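By convention in this document, chain letters (A, B, ...) are assigned in the order of the sequence lines, proteins followed by strands, and residues within each chain are numbered from 1. Just the heavy atoms: all of them, side chains too, but no hydrogens, waters or symmetry mates, feed the values below. None of these values were measured; they are calculated from a predicted model.
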Number of protein chains: 2
Amino acid sequence: MDNNIAALDSVFHALADPTRRAVVQQLARGPASVSELARPFDMALPSFLKHIGVLEASGLIGSEKSGRVRTCRLKRRRLAAAERWFEEQRALWAGRYDNLDNLLETLNGGENES
Amino acid sequence: MDNNIAALDSVFHALADPTRRAVVQQLARGPASVSELARPFDMALPSFLKHIGVLEASGLIGSEKSGRVRTCRLKRRRLAAAERWFEEQRALWAGRYDNLDNLLETLNGGENES
DNA sequence: AATATTGTTATCCATACGACTAAGTATAAA
DNA sequence: TTTATACTTAGTCGTATGGATAACAATATT
């Protein structure tokens, strides 16, 4: 039931950058080499490689080198773990019956502010 | 259909810290004052207030001051937006029919590695 | 064998982050 | 009216982050 706090730290930190989220998004479509992944970005390769390093350190992606090309692929475990964190917060919220907002919401299944 | 990139940046960055996630978690149970929220943490108040500031800047929480006490409450919008990002990635992944892992998964609905 | 591709390592740099202390403000309690 | 409470502001400090260049290594291509 532990959320592996340090892991969530590194996963959310990894996702807090648009370049890295775009890489995850691309890898969700399938594996790709470093240079393929880097192509859309106006950034020096070593800079980009750092992003790959952050993603790999967070466990969000994995990679293996064959010949001179390193192929990256998404690892869904950590992504799923992070998603689960949100579900837990929703569960906590759902457990609240001390405010009108929530009462109204549970009555009609609607969404509302705050 | 835009994910509001900058907003996701700040939301994920806000969530990349255990103190801030704990605050969100507490606020999911209901509103609380700054000092109530700060109590569990071994941290100087000004340091803690910075975390509150980061959370508020990200839009994850809101606050209002009445008398000398500032009351914070969770705002679910951004939390929901972040959660949606994960769903989008899963949708992309689900759209893949180019690998055996995924084929097997769609056949039997099971979970597997990477 | 020479050249091009693909990644890697080593530095460097400016800015942002997360923690602190010290000192101040505003409101409530005694 | 003094004192305690609940923040708030300002400024410091060490480390991490995200970008860059330069130089290197390893593998394909020609």
Separation of C:dC17 C1' from B:M43 CE (nearest whole Å): 12 Å

Distance, rounded to the nearest Å, where A:H13 contributes NE2 and C:dA16 contributes P: 14 Å

Check: A:H13 and A:R20 side chains under 4.5 Å, non-hydrogen atoms: yes

Minimum heavy-atom distance B:W85-A:V24, with the two atoms named: CH2-CG1, 3.7 Å

Atom pair distance, as rounded to whole Å: CG in A:L45 and P in D:dG18: 17 Å

Candidates D:dA6, C:dT9, C:dA19 - which lies nearest the side chain of B:S35: D:dA6

Distance, rounded to the nearest Å, where B:F41 contributes CZ and C:dC20 contributes P: 13 Å

Distance in angstrom units between A:L37 CG and C:dG7 C1', rounded: 13 Å

Residue A:A44, side-chain heavy atoms: nucleotide from D:dA20, D:dT8, C:dT6 that is nearest: D:dA20

B:I52 CD1 - D:dA6 C1' separation (whole Å): 13 Å

Touch class at under 4.0 angstrom, heavy-atom based, for B:S47 against every strand present: base

Nearest-nucleotide comparison on DNA chain C, the residue closer to the 5′ end among A:K50 and A:R70: A:R70

Whole-Å distance separating the NE2 atom of B:H51 from the P atom of D:dC7: 16 Å

Stepwise side chain to side chain contact (heavy atoms under 4.5 Å, CB included) check, A:F48 with A:L37: CA-CA 9 Å; A:F48 183 78; A:L37 290 170; 3.7 Å; yes

Nearest listed nucleotide, side chain of B:R20, among D:dC7, D:dG19, C:dG18: C:dG18

Between C:dC17 (P) and B:D9 (CG): distance, integer Å: 11 Å

A:S63-A:E56 side chain donor-acceptor pair, cut-off 3.5 Å: yes

Comparing A:S66 and A:F48 on DNA chain D - which has the more 5′ nearest nucleotide: A:F48

Gap between atom CG of A:L27 and atom NZ of A:K75 - 0.5 Å precision: 12.5 Å

5'-most by nearest nucleotide on DNA chain D - A:K65 or A:P46: A:P46

Donor-acceptor pair (no angle test) under 3.5 Å: A:R68 side chain, D:dT27 base: yes

Sugar-phosphate only, base, or nothing, as touched by A:S33 at under 4.0 Å among non-hydrogen atoms: sugar-phosphate

